[in-house]
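Notes for the one structure printed next.
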Amino acid sequence: MKSSETRYKKIRLGLGHAYLVSADRGCILIDAGSANQQQPLIRHLAKLGVSADHIRLIVITHAHFDHVGGLKAIKALCRCPVAIHEKESQLLREGRMVLPPG
């Protein structure tokens with residue numbers, strides 16, 4: 001694989017998934033799983049050879065519990081910025097998660 005290629009990995013986390021996009025200058029983690037999935041996520045990243053300092057950005061697709069429950073712990077490990085749509089950002093600032101109906 002050429003060094004300039006971007007690689008994508010799906011990480012299964014209980015109810016949901018996270019995704020890892022990796023390239024030469026670091027990785028982007030898409031979603032952070034639910035609150036009880038931080039350690040499994042870290043183990044999956046380690047199996048892929050990715051440590052917390054490789055994560056340069058965490059992208060949150062939306063503020064449902066299974067996408068942001070583990071965000072605080074993962075962000076503390078990675079010490080990187082978090083990107084989320086402005087319509088969902090207030091939920092994160094207030095520490096609220098959405099529980100979808102059904």
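No experiment lies behind these values; they were computed from the predicted model shown.
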Do [X] and [Y] touch side chain to side chain, with heavy atoms closer than 4.5 Å?
X	Y	value
Ser89	Arg93	yes
Ile84	Val59	no
Ile28	Leu20	no
Lys9	Leu48	yes

- request: Kindly assign one of parallel, tilted or perpendicular to the pair Tyr19 and His17, based on the angle between their ring planes and the thresholds 30° and 60°.
  value: tilted
In Å and rounded to the nearest 0.5 Å, what is the [atom1] to [atom2] distance from [X] to [Y]?
X	Y	atom1	atom2	value
Leu13	Gln39	CG	CD	12.0 Å
Arg12	Lys10	CZ	NZ	4.5 Å
Cys80	Arg56	SG	CZ	9.0 Å
Cys27	Leu57	SG	CG	11.0 Å
Leu45	Leu29	CG	CG	6.5 Å
His62	Glu88	NE2	CD	7.5 Å

field: Partner of Ile74 under side-chain contact (heavy atoms from CB on, under 4.5 Å), chosen from Val82, Ile55, Ile42
entry: Ile42
- request: Indicate yes or no for a side-chain donor-acceptor contact from Asp53 to the backbone of Cys78 under 3.5 Å, with no hydrogens or angles considered.
  value: no
field: Distance-only polar pair, side chains of Asp66 and Ser34, donor-acceptor under 3.5 Å
entry: no
- request: Identify the heavy atoms of His67 and Ile60 that sit nearest to each other, and give their distance.
  value: O-CD1, 3.7 Å
